[in-house]
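Please read the structure below before turning to the comments.
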Amino acid sequence: MKKITKSILAVIAAASVAALAFGEETADHHGKFYNKISSGIVNIHTDSGETEFAGIKDKASIDVLSGRVDAGITASFTLKQLTDSTDPSNPYNYFSLGNGNVDGFNLEDWYLEFRPLKNPNFFTIGFHDAIYFAGSYLPIAGANYANGNFGSDVVFVLRPIQGIRIAAGFDLTSLFGYKQDVVNQYPVVNFGADWTYGDLFSVGLAVRNPINASGTNDMGIGIGATFNATKDLAFSVGYSFNDADGIADIKGENLLTVGATANVAIVALSADFAAALPAEKVTSDREVYFAFDADATINEKVDAGLTFCAWIDTDNDSTNQFEITPYANFGLKNHKFGVAVDFNVEGEALTISFPVYWKVSF
C-alpha cells in the first residue's frame with residue numbers, strides 16, 4: 001500500500017509542478033472520468049454442483065488534460081471469495097480484501113506527460129507512459145501485447161511530421177538493477193516508432209530492452225500494422241518476439257496476432273486470433289486463441305450480442321477451453337448497464353456465471 005500511495009503522490013506532485021511551469025498556456029483544461037462496478041454474481045460448477053460468489057470489482061479512471069500537460073490514474077478494488085483447502089467441508093468460506101494485484105486495491109496504471117515547446121505536438125516528455133502501435137491490439141480481448149509498447153517509465157517522443165511518432169526512453173527502477181542474481185545487466189532501454197497515414201493504414205515497431213539481450217535474453221520486439229479496407233472494414237496483424245506477457249493468455253517465443261472489425265447494417269462484427277510457436281517454446285497452457293463477436297444495435301440506447309472465445313491446446317484436447325457469452329447493454333445519459341450469461345467449458349467442466357456491470361462516465 002505504501003508503494004501505491006507513493007506512486008499516486010508522485011503523479012500528483014509532478015502534475016502540479018508541470019502545471020505551474022506551463023500554467024499560463026494551459027487554459028484549456030478538461031478531464032475524463034469513469035467508474036465501473038462489475039461482478040459475475042455467482043460461479044455455478046455443474047460438474048461438482050458447487051456454487052461460489054464470483055467476486056465484485058470497482059474500477060475508476062481519471063484523466064486531466066490540457067494543451068501542455070496530461071495526467072491520469074486508473075485504480076481498482078476487488079473483493080473475491082477464495083478457497084480454503086484446509087477445510088474440505090466448507091471450501092468457500094472466506095473473502096479476500098487484498099491479495100497482491102489480483103484482489104484488494106490495485107493501482108493498475110498511471111501516467112504523466114507534458115509538452116514543453118511552443119509547438120506542443122512536436123516534442124513530449126512522458127512518465128510511466130505506455131505508447132502502443134495500433135497493430136498490437138485485439139478488439140475482443142480488449143488488450144495489446146506488451147511488445148507493442150514503445151513507451152517507458154521515462155520516455156521522449158518526437159512527432160517530426162504529421163502521422164509519425166518516434167520514441168525512446170528507459171525504465172526508472174532498472175537503473176538500480178531489474179533482475180536478481182544477474183551480474184552483467186544494464187538499464188532497460190526501449191524505443192520504437194509508428195507511422196499513421198490518414199485513415200488508411202498504420203505501421204509500427206517497438207524494441208524493448210535490447211542492451212540486455214546477450215546477458216539475460218530479455219530483449220523483446222514487436223511489429224504490427226492496421227489497414228482500413230473501407231470505412232466499415234478494418235484488419236490488423238502483429239508479431240511479437242519474446243513477449244513474456246503475451247495476449248489473451250497465449251504466450252511464447254513467437255506470437256502472431258490478427259484482428260478484424262466490420263460493420264454490416266446494424267451489426268458490428270469483430271474477430272481475434274493469436275498463436276504462439278514453435279510448440280516447444282510456448283510458455284502458456286495453450287497455443288492458439290480465437291474469438292468472434294457480433295453486436296447488434298437495437299436503438300440508440302440498447303445493443304445486444306454474442307461472443308465466442310476458444311483456447312486450443314494442440315497436444316491435449318482435454319485442456320481446451322470454450323466460452324460463449326450472450327449479452328445486452330443499456331445506455332442512459334452518462335450511465336451504461338450490462339447483463340450477460342457466461343458459459344465456460346474447460347475440458348469436461350462447465351461453469352456458468354452471470355456478469356453484470358454499471359459504468360458512469362463524464
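Note that the structure is predicted; figures quoted are calculated from it, not measured. Just so you know, residue 1 is the first one in the sequence shown, and it goes up from there.
When all heavy atoms of A340 and T325 are compared, the closest pair comes out as CB-CG2, 3.9 Å. Minimum heavy-atom separation, F150 to A167: CD1-CB, 3.5 Å. When all heavy atoms of P139 and A260 are compared, the closest pair comes out as CG-O, 4.0 Å. In terms of heavy-atom proximity, I41 sits nearest to S39 at N-OG, 2.9 Å. Residue I250 comes nearest to S284 through the heavy atom pair CA-OG, 3.7 Å, listed as atom of the first residue, atom of the second, then distance. Heavy-atom minimum distance, Y34 versus K59: OH-CE, 3.4 Å.
At least one side-chain heavy atom of D109 sits less than 4.5 Å from a side-chain heavy atom of H128. When side chains are defined from C-beta on, P355 does not count as touching Y327, because their heavy atoms never get closer than 4.5 Å. Side-chain atoms of L200 and F227, non-hydrogen and from C-beta on, do get closer than 4.5 Å to each other. Two residues are said to be in side-chain contact when any heavy atoms from C-beta on lie closer than 4.5 Å; P160 and I166 meet this criterion. Contact check for L65 versus K32: side-chain heavy atoms found under the 4.5 Å cut-off. Counting only heavy atoms from C-beta outward, the side chains of F322 and F308 approach each other to under 4.5 Å. Counting heavy atoms from C-beta on, the side chains of F122 and L158 come closer than 4.5 Å. Taking 4.5 Å as the limit, every side-chain heavy atom of I44 sits out of range of all side-chain heavy atoms of L350.
Following chains of ILVMFWY side-chain contacts shorter than 4.5 Å, one cannot reach L233 starting from L138, and the two form parts of different hydrophobic clusters. Linking ILVMFWY residues whenever their side-chain heavy atoms come closer than 4.5 Å, directly or via other members, places I352 and V339 in the same cluster. Cluster membership for V157 and L112, using ILVMFWY side-chain heavy atoms within less than 4.5 angstrom, is not shared. Under the 4.5 Å side-chain heavy-atom criterion for ILVMFWY residues, a single connected hydrophobic cluster contains both I125 and V69. When the side chains of ILVMFWY residues are joined at heavy-atom separations under 4.5 Å, either directly or via intervening members, L107 and L172 end up in a single hydrophobic cluster.
With sequence neighbours excluded, the residues satisfying side-chain contact (heavy atoms from CB on, under 4.5 Å) with T319 are D313, N316. Taking the side-chain contact (heavy atoms from CB on, under 4.5 Å) definition, one finds that V267 meets it with L269, A294, A296, sequence neighbours left out. The side chain to side chain donor-acceptor pair (under 3.5 Å) test applied to K301 returns no partner, not counting sequence neighbours.
Taking CD1 of I324 as the start and CZ of F343 as the end, the distance is 8.0 Å to the nearest 0.5 Å. Atom CD of E346 sits about 9.5 Å away from atom CG of N320, to the nearest 0.5 Å. Atoms CG and CZ, from N147 and R208 in turn, are 7.0 Å apart once rounded to the nearest 0.5 Å. Put simply, CG on D295 and CD1 on I266 are 10.0 Å apart, with the number rounded to the nearest 0.5 Å. In this structure, the separation between CG on L255 and CZ on F241 is 12.0 Å, given to the nearest 0.5 Å. With rounding to the nearest 0.5 Å, the separation of CG in N209 from CE in M219 is 9.0 Å.
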Verdict with reasoning, D232 to V264, per side-chain contact (heavy atoms from CB on, under 4.5 Å):
CA-CA 8 Å; D232 293 318; V264 181; over 6 Å; no
Given V258 and F290, is the side-chain contact (heavy atoms from CB on, under 4.5 Å) satisfied, shown in steps?
CA-CA 9 Å; V258 179; F290 58 89; over 6 Å; no
May I have the step-by-step check of side-chain contact (heavy atoms from CB on, under 4.5 Å) for Q321 and N344, ending in yes or no?
CA-CA 7 Å; Q321 181 179 355; N344 193 320; 3.1 Å; yes
Step-by-step side-chain contact (heavy atoms from CB on, under 4.5 Å) determination, N35 to D58:
CA-CA 7 Å; N35 188 84; D58 186 13; 2.9 Å; yes
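Here the side chain of D243 pairs a donor or acceptor atom with the backbone of G246 at under 3.5 angstrom. Judged by distance alone, with hydrogens and angles left aside, the side-chain atoms of R68 form a donor-acceptor pair with the main-chain N or O of L117 at under 3.5 Å. No donor-acceptor pair under 3.5 Å is formed between the side chain of E287 and the backbone N or O of V282. With hydrogens and angles ignored, the 3.5 Å screen pairs no side-chain donor or acceptor of D303 with any backbone N or O of N299.
Using a cutoff of 4.0 Å between basic side-chain nitrogens and carboxylate oxygens, E108 and K57 are scored as salt-bridged.
Relative orientation of the W195 and Y197 rings is perpendicular, given thresholds of 30° and 60° on the angle between their planes.
Dense packing is recorded around CZ of F337, with more than 12 heavy atoms of other residues, nucleotides or ligands lying under 6.0 Å away. When the shell of 6.0 Å around CG of D199 is examined, it contains 12 or fewer heavy atoms from other residues, nucleotides or ligands.
Applying side chain to side chain contact (heavy atoms under 4.5 Å, CB included) to D171 and the options V155, V154, V188 leaves one that passes, V188. T124 pairs with exactly one of R115, R159, R165 by the side-chain hydrogen bond (donor to acceptor under 3.5 Å, both in side chains) rule, that one being R159.
F362 has its ring centre less than 6.0 Å from the ring centre of F33.
Residues N43 and T351 bring no donor and acceptor atom of their side chains to less than 3.5 Å of each other. Side-chain contact check for T307 and D293: at least one donor-acceptor pair (N or O, by modelled atom type) lies under 3.5 Å.
Every pair passing side-chain hydrogen bond (donor to acceptor under 3.5 Å, both in side chains) that includes a residue from residues 131-146 is listed here, sequence neighbours excluded: S136-N144. Within the structure, side-chain hydrogen bond (donor to acceptor under 3.5 Å, both in side chains) pairs that include any residue of residues 262-278 comprise D272-Y289 (at least two apart or interchain). For residues 353-362, the side-chain hydrogen bond (donor to acceptor under 3.5 Å, both in side chains) pairs, not counting sequence neighbours, are N329-Y357, H335-W358.
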